[in-house]
Number of protein chains: 4
Amino acid sequence: MVSNADEGATRSKRADARRNEKTLLDAAAAVFVTSGVEAPVRDIAAKAGVGMGTIYRHFPTRADLIVAVYRHQVDACAEAGPELLASSDSPYEALRRWIDLFVDFLVTKHGLAAVLQSDNAGFETLHTYFLDTLVPVCARLLDAAAGADEIRSDLRAIEVLRAVGNLCIGADSDPRYDARRMVGVLIAGLRHQDG
Amino acid sequence: MVSNADEGATRSKRADARRNEKTLLDAAAAVFVTSGVEAPVRDIAAKAGVGMGTIYRHFPTRADLIVAVYRHQVDACAEAGPELLASSDSPYEALRRWIDLFVDFLVTKHGLAAVLQSDNAGFETLHTYFLDTLVPVCARLLDAAAGADEIRSDLRAIEVLRAVGNLCIGADSDPRYDARRMVGVLIAGLRHQDG
Amino acid sequence: MVSNADEGATRSKRADARRNEKTLLDAAAAVFVTSGVEAPVRDIAAKAGVGMGTIYRHFPTRADLIVAVYRHQVDACAEAGPELLASSDSPYEALRRWIDLFVDFLVTKHGLAAVLQSDNAGFETLHTYFLDTLVPVCARLLDAAAGADEIRSDLRAIEVLRAVGNLCIGADSDPRYDARRMVGVLIAGLRHQDG
Amino acid sequence: MVSNADEGATRSKRADARRNEKTLLDAAAAVFVTSGVEAPVRDIAAKAGVGMGTIYRHFPTRADLIVAVYRHQVDACAEAGPELLASSDSPYEALRRWIDLFVDFLVTKHGLAAVLQSDNAGFETLHTYFLDTLVPVCARLLDAAAGADEIRSDLRAIEVLRAVGNLCIGADSDPRYDARRMVGVLIAGLRHQDG
DNA sequence: GATGAATGAGGATTCATTCAT
DNA sequence: GATGAATGAATCCTCATTCAT
């Protein structure tokens with residue numbers, strides 16, 4: 001349907017567009033750091049040096065943009081799950097370390113944890129992506145640890161993730177609050193209690 | 001409509017003002033329940049049957065209003081601390097029950113937990129009131145439990161309260177997430193680990 | 001519930017507000033003349049020398065504003081119906097003259113005829129007001145003329161009004177098109193045909 | 001318009017171009033049916049499977065596109081005039097039937113009647129084409145009917161066409177309004193009145 | 001010639017806050 | 001003291017049109 005010549009043209013276009021999208025993502029990431037993930041679209045466009053329409057073209061909703069910005073890191077986090085399970089001394093240890101990765105990710109993203117919990121429709125995509133990607137990984141780690149009788153077996157991945165996410169809210173704006181530590185406490189609480 | 005004890009203009013004025021303020025607080029509380037603590041000022045004024053200016057006169061900032069609305073309950077929670085300590089089998093048990101009270105309070109206040117963590121300046125008053133009131137109580141409970149060697153001794157009241165508050169965010173909008181349960185896990189995590 | 005003093009205050013407020021609303025209506029009418037009834041809200045606000053919010057306060061939707069601007073004239077038109085029926089030589093004559101009034105109204109309102117036919121939701125109020133007010137009047141005139149065997153009896157008021165309204169669209173922007181004349185032809189067409 | 005001597009590469013190119021243009025017109029016609037003649041250019045381009053630039057190359061203004069889409073049908077309508085005049089029992093009958101053709105055309109084109117009356121500059125081309133093509137035909141029919149003393153002789157073709165066009169506005173969006181019927185009334189109104 | 005990414009004007013709407021009455 | 005009308009900044013989103021590849 002398309003001649004080789006056309007293919008060439010198309011490809012170069014695509015390369016351009018991809019480079020441009022990269023610019024957008026970098027700009028968005030930068031703005032997210034300073035103004036949070038709910039920054040005005042106009043600001044992101046300005047930072048990227050493009051028109052607002054360009055943002056909308058690439059990312060119809062803000063959630064799409066956020067997902068795109070963090071997709072790689074979320075994916076990396078997901079992929080680390082099985083690896084940790086294989087390389088750790090125990091399933092619980094793997095779980096602990098995996099949660100640490102997740103927390104590291106969240107606490108460095110200003111406001112991300114907050115919108116992750118937002119009940120605002122329109123963040124649907126964001127919720128979905130996070131949950132679809134991370135819940136299965138977390139579930140497997142929980143199962144393994146529960147199977148080894150290291151932790152309680154009555155907690156579902158989704159609530160653990162949600163709790164961890166919640167604990168990370170505002171972690172970057174208050175020096176008196178150390179989200180990592182508190183997540184540590186939560187994860188410790190997963191262990192069986194000796195009474 | 002006018003109290004029997006109506007004597008002297010001054011006293012009746014004060015009584016009126018207090019009655020008026022009571023009306024405002026009741027209205028605000030009602031609106032908070034349905035629309036969250038970030039409801040438009042106009043809605044609250046309408047519910048109270050007063051002008052918006054009246055709200056602003058009594059409560060210069062939204063935080064002042066929120067504080068006023070929940071002061072009694074926060075105070076009651078604070079007062080319950082020493083009582084629980086005296087009446088419980090152990091300091092840890094007292095702590096657990098006190099945290100339960102705090103959680104009960106938060107999860108029934110739509111959106112309160114969220115603004116409690118908001119880094120938005122202007123909620124200063126709110127943060128201050130909550131912390132000033134509850135941190136000492138929580139600290140005493142933690143100290144007692146740590147003194148009895150029931151829990152870790154390296155956690156400060158402020159971070160525990162903050163963590164509990166965070167865990168309560170969005171508790172009322174997602175049936176899959178049970179904040180009370182997760183707070184239970186966190187509090188369990190305060191115990192010394194045997195592993 | 002309201003003291004006399006308050007009543008005074010309230011009344012003066014109301015008087016002010018009413019005066020202000022008058023300003024708004026005059027401004028809107030003026031802008032409608034030059035830019036049509038779909039003029040930007042900002043333009044109307046500017047013309048009235050008020051903020052946009054003021055327009056929205058008084059008239060939540062554009063249709064509400066249009067209705068308010070033309071209500072008096074629509075009402076006057078409706079009231080003229082029975083009078084014409086009483087004072088004219090024949091029901092048909094009354095109908096003819098009443099339609100003339102309606103046309104006079106429409107052709108002097110730039111773009112009004114157009115939005116009257118718009119299927120755009122949000123003009124609901126406008127449609128409703130026009131139809132509720134004028135259809136019964138027109139129906140009575142049609143009935144009378146049909147009863148006198150002066151015109152066909154198979155046409156409903158709503159379609160006659162709609163047709164007349166349609167014929168007025170764009171009447172003010174094309175000197176070659178005389179809406180009044182063509183409406184005259186339409187009304188003539190209501191008569192029984194002898195052929 | 002095209003010289004006979006045009007042979008070789010040029011011709012095949014032209015054939016391609018024509019085929020391409022055909023695709024565009026078909027796509028535009030299809031989109032016009034579903035979304036009206038004011039549908040976004042992007043939608044038309046997408047339907048045709050071409051870039052938006054291609055649309056603009058072929059049809060600099062939306063009016064040009066609309067004209068091109070409907071040219072055949074407008075032309076056919078124009079051509080039917082003389083034929084009807086020749087084959088009908090009377091000039092008036094021919095006029096009536098011709099107007100029916102015009103109405104059939106308009107009411108099946110969602111929104112076309114509306115933009116035909118739009119005073120928006122940029123539809124210049126559209127107005128011009130319609131009028132240049134149809135006014136002479138209509139004029140001849142009117143003249144013939146007037147010459148046979150079947151109708152009034154004081155109406156110009158342009159206003160009759162405009163009136164008919166107006167009556168067709170919105171005919172497809174309101175089941176209570178039957179444009180064909182009302183046009184029938186209008187055309188009946190052209191007849192001499194018997195008193 | 002074709003493509004479609006980019007632009008950015010344009011218009012709507014909300015709501016915290018002020019201030020004349 | 002109370003009122004609530006007025007303000008207007010802030011933000012969202014769409015789509016016609018241009019132009020580099």
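Each chain gets a letter, A, B and so on, in the order the sequences are listed, and its residues count up from 1. Predicted model only: the values in this text are computed from it and were never measured.
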Can you tell me the distance, in whole Å, between the [atom1] atom of [X] and the [atom2] atom of [N]?
| X | N | atom1 | atom2 | value |
| --- | --- | --- | --- | --- |
| Asn120(C) | dA12(E) | CG | C1' | 13 Å |
| Leu24(B) | dT3(F) | CG | P | 9 Å |
| Tyr56(C) | dA16(E) | OH | C1' | 18 Å |
| Phe59(A) | dC13(F) | CZ | C1' | 17 Å |
| Glu21(B) | dG1(F) | CD | P | 12 Å |
| His58(B) | dA2(F) | NE2 | C1' | 9 Å |
| Ile55(C) | dC15(E) | CD1 | P | 19 Å |
| Asp43(A) | dT11(F) | CG | P | 7 Å |

Step by step, work out the side chain to side chain contact (heavy atoms under 4.5 Å, CB included) result for Lys109(C) and Val37(C). CA-CA 8 Å; Lys109(C) 311 302 179 254; Val37(C) 293; 5.7 Å; no

When we call it a touch if two heavy atoms are under 4.0 Å apart, what does Arg42(A) touch: a base, just sugar-phosphate, or nothing?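 Result for Arg42(A) = base.
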
For a quick check of understanding: with a heavy-atom distance under 4.0 Å over all strands, which category does Gly122(C) fall into, base, sugar-phosphate or nothing?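 No contact at all - Gly122(C) keeps every heavy atom at 4.0 Å or more from the nucleic acid.
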
Toward the 5' end of DNA chain E, which comes first, Pro60(C) or Val41(B), by nearest nucleotide?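 Whichever sits nearer the 5' end wins; that is Pro60(C).
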
Along DNA chain E (nearest heavy atom to each residue), the more 5'-positioned of Ala39(B) and Gly51(A):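 That would be Gly51(A).
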
Could you check whether any side-chain N or O of Thr34(C) sits under 3.5 Å from a backbone N or O of Val31(C), counting only pairs where one atom can act as donor and the other as acceptor?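 Such a contact is found between Thr34(C) side chain and Val31(C) backbone.
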
Assuming nearest nucleotide by heavy-atom distance, tell me which of Pro40(A) and Arg57(B) is located more 5' along DNA chain F.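 Here Arg57(B) is the residue nearer the 5' end.
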
Within the pair Arg62(A) and dC12(F), is there a side-chain N or O less than 4.0 Å away from OP1 or OP2?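 Checking Arg62(A) against dC12(F): at least one side-chain N or O falls below 4.0 Å of OP1 or OP2.
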
It should be established whether Thr54(C) places a side-chain nitrogen or oxygen under 4.0 Å from OP1 or OP2 of nucleotide dA5(F).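 Indeed not, no polar side-chain atom of Thr54(C) lies that close.
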
Mind running side chain to side chain contact (heavy atoms under 4.5 Å, CB included) on Tyr56(B) and Arg62(B) for me, showing each step along the way? CA-CA 9 Å; Tyr56(B) 279 97; Arg62(B) 185 191 299 278; over 6 Å; no

dT21(E) pairs with which nucleotide, Watson-Crick or G-U wobble, both distances below 3.5 Å?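 Because both required distances fall under 3.5 Å, dT21(E) counts as paired with dA2(F).
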
Now, which nucleotide makes the Watson-Crick or G-U wobble pair with dA9(F), with each of the two distances under 3.5 Å?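 Across any shown strand, dA9(F) pairs with dT14(E).
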
Quick one: do the Asp64(C) and Thr61(C) side chains pair a donor with an acceptor below 3.5 Å?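 A pair is found: one side chain offers a donor N or O, the other an acceptor, under 3.5 Å apart.
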
Ion pair present between Asp43(A) and Lys47(A), side-chain N to carboxylate O less than 4.0 angstrom?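 Not counted as a salt bridge, because no side-chain N and carboxylate O are separated by less than 4.0 Å.
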
Between dA9(F), dC12(F), dG4(F), which nucleotide gets closest to the side-chain atoms of Met52(C)?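 The closest nucleotide is dA9(F).
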
